[in-house]
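This report refers to the structure that appears directly beneath it.
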Amino acid sequence: MSDQRPILYCRCAYAKVVPEDVKDQVLDRLVDSGHPFESVSDLCEMSARKDPGLLPLSKQKGLRIVACYPRAVKWLFSAAGAPIDGASIQDGEIEILNMRVDSSEAICSKLGIADGQTQQASTAEGT
Amino acid sequence: MIATNRERPRVLLYEGVSSKQIDAQLRRPLVRTLLDRGYTVTRITESSTFGNLGHTELIVLGVFDQLPSLESESKALTIHTRDVQNDTLESLLEYIDGIAQGVSEARPHWKPWFPVIDYDRCTNCMQCLSFCLFDVYGVNQANQITVQNQTNCKTDCPACSRVCPEVAILFPKYKAGPINGDEINQDDLRREAMKVDISALLGGDIYSMLKDRSMKAKSRFSKERDDDRALKERQRCMDKLKTNVEGLDIPAEVLSSLPSLDQIQAKAQQAKEKAEQALAQQAASRQQSDTTHPSATPSN
Ligand code: SF4
Ligand code: SF4
């Protein structure tokens, strides 16, 4: 069953650097899982225009970000004036999952939304 | 200035109290398409809530037994609610795009390509500021290097990341590590130690090639033949450049759109002065703080 931690999914919509099949499969599983989530079209673009929505997202306790390389995501948030605490990433309080490298199965399993892990309409403390 | 899509509505899939789940056949393609079109999509369930992300329009979609009463921290938020039971993907997208068109400006397409600084590594040496001809970098009030004009950056060109001696510049959408944010290994550090000679890139060869090209174009060819000639020369010039700057991965479009020799020299000078000024101010404020707060360590 999926756990209670909030999830932020990045679609990386404006470039083809994240494998399409991985980002589609993860998103479909997430949508089917019943887990609450936030999803954005492109964190890079949000960072470039310093989207104020990144600040409340960065402050979510236990946030799991599904995007790309953790170092990139960390500094994209920072560049937008919404820094993610480095120590929280170190100790796993905030987790960044990398769709450029990991398989969709591995990511879904870490999110607790892989086949057999979810329960429809599971509940969680969201934003 | 980057066009904002903050005015673009946020779409909320409501699967909370007094509602049923949205049909999976509709939900999957709907979320994919909305994200691909630049919307933010949130799903809330019985015990989750939605925070304020700064939007002014919220579109709530659900299969409702009873319309939800949603409260937001933001007073400026307009909420549109729609029962999607009888909707198709097309009808829903039309509805959502219709609301978006009414409140947000069409955004010009821009691939978000710009440098991102890893401040865990950056030593504030200002090499990147001196190097960039397009005013992408600047300094903040604390004289720290910052990325100021993201949209000035030349799409797909990661050249400034190569001049950073600390491997501190990322382009998250670049194809390879460590520039894409991948962890830095010993090989990367060794490679970065053999730094590109900036003067060779901004001066020397490139300047003389550009100069050569423009002199020839001016003096030896008739107007009619100029274009053809110039094209060939530029091609040759670029091939040579590509060999010279091999490894920098600068796209041909960027090389072919380099400013004129005079402009390059003026820009390089300006950037250098800006960097020197920032470094001088930084040194001065460090000196001042040393004077104001002398080291607490007692000397023997
Ligand atoms: S943060 Fe990563 S996954 Fe998201 S848009 Fe940028 S490069 Fe793509
Ligand atoms: S070149 Fe690298 S280390 Fe130097 S200021 Fe720029 S980002 Fe920082």
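Note that the structure is predicted; figures quoted are calculated from it, not measured. Both backbone and side-chain heavy atoms feed into the values below; hydrogens, waters and symmetry mates do not.
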#### Entry: Distance-minimising heavy-atom pair for A/Ser33 and B/Arg43
OG-NH2, 3.9 Å
### Task
Measure B/Leu34 against the heavy atoms of chain A and call it side chain, backbone, both or neither at under 4.5 Å.
neither
### Message
Using heavy-atom distances under 4.5 Å, tell me whether A/Asn98 contacts chain B through its side chain, its backbone, both, or neither.
### Response
neither
### Task
Please examine the side chains of A/Trp75 and B/Asp120, heavy atoms only from C-beta on, and report whether any two atoms are closer than 4.5 Å.
yes
### Task
Go through the steps to decide whether B/Lys173 and A/Asp42 satisfy the test salt bridge (charged side-chain N to carboxylate O under 4.0 Å, His left out), and finish with yes or no.
CA-CA 11 Å; B/Lys173 292 193 192 303; A/Asp42 199 297; 3.0 Å; yes
### Message
Are there over 12 heavy-atom neighbours, none belonging to B/Gln148, within less than 6.0 Å of that residue's CD?
### Response
yes
## Note on the structure
Highest number of heavy-atom pairs under 4.5 Å with chain B among A/Ser47, A/Ser39, A/Cys12, A/Ala79 belongs to A/Ser39
#### Entry: Heavy-atom side-chain contact between A/Arg71 and B/Arg121 under 4.5 Å
yes
### Exercise: identify the closest heavy-atom pair between B/Thr42 and A/Glu38
OG1-OE1, 2.6 Å
### Query
If you count heavy-atom pairs under 4.5 Å with chain A, which of B/Pro172, B/Pro112, B/Gly16 comes out on top?
B/Pro112
### Task
Identify which part of A/Lys16 has an atom lying under 4.5 Å from any heavy atom of chain B, answering side chain, backbone, both or neither.
neither
### Query
Tell me, side chain or backbone of A/Leu30 under 4.5 Å from chain B's heavy atoms, or both, or neither?
backbone
## Note on the structure
Pair count under 4.5 Å, heavy atoms only, with chain B: among A/Cys44, A/Ser78, A/Gly86, A/Ala13, highest is A/Cys44
### Message
Are the side chains of A/Val40 and B/Leu35 in contact, using a 4.5 Å heavy-atom criterion?
### Response
no
### Message
Atom CD of residue position A/Gln90 - does it have more than 12 heavy atoms of other residues, nucleotides or ligands inside 6.0 Å?
### Response
no
### Message
Within the supplied structure, the quantity of interest is the number of heavy atoms (other residues, nucleotides, ligands) at a distance under 6.0 Å from B/Lys111 NZ; does it exceed 12?
### Response
yes
### Task
Against chain A, label B/Tyr119 side chain, backbone, both or neither, depending on which of its atoms sit under 4.5 Å from a heavy atom there.
both
#### Entry: Sub-4.5 Å side-chain heavy-atom contact between B/Ile44 and A/Phe37
no
### Message
What I want to find out is whether A/Lys74 reaches B/Asp118 closely enough, with some N-O distance under 4.0 Å, to be called a salt bridge.
### Response
no
### Task
Could you tell me whether the side chain of A/Arg11 and the main chain of B/Thr40 form a donor-acceptor pair under 3.5 Å?
no
#### Entry: Pick from A/Asp28, A/Val101, A/Val17 with the largest number of heavy-atom pairs that fall under 4.5 Å of chain B
A/Asp28
### Task
Examine whether an atom of B/Val116 lies under 4.5 Å from a heavy atom of chain A, and if so say whether it belongs to the side chain, the backbone or both; otherwise answer neither.
side chain
#### Entry: Closest contact, heavy atoms only, B/Arg27 versus A/Asp32
NH2-CA, 3.7 Å
#### Entry: Short N-O contact, A/Arg100 and B/Asp182, less than 4.0 angstrom
no
### Task
Check whether A/Leu27 gets within reach of chain B through its side chain, its backbone, both or neither, counting any heavy atom under 4.5 Å.
side chain
### Query
Which atoms form the tightest heavy-atom contact between A/Tyr14 and B/Gly38, and what is the distance?
OH-CA, 3.6 Å
### Task
Could you check if a side-chain atom of A/Cys68 sits within less than 4.5 angstrom of a side-chain atom of B/Asn180, using non-hydrogen atoms only?
no
### Message
Restricting to non-hydrogen atoms, name the atom on A/Pro36 and the atom on B/Thr45 that form the minimum distance, rounded to 0.1 Å.
### Response
CG-OG1, 3.7 Å
### Task
Using a 4.5 Å cut-off on heavy atoms from C-beta on, say whether the side chain of A/Arg29 contacts that of B/Arg28.
no
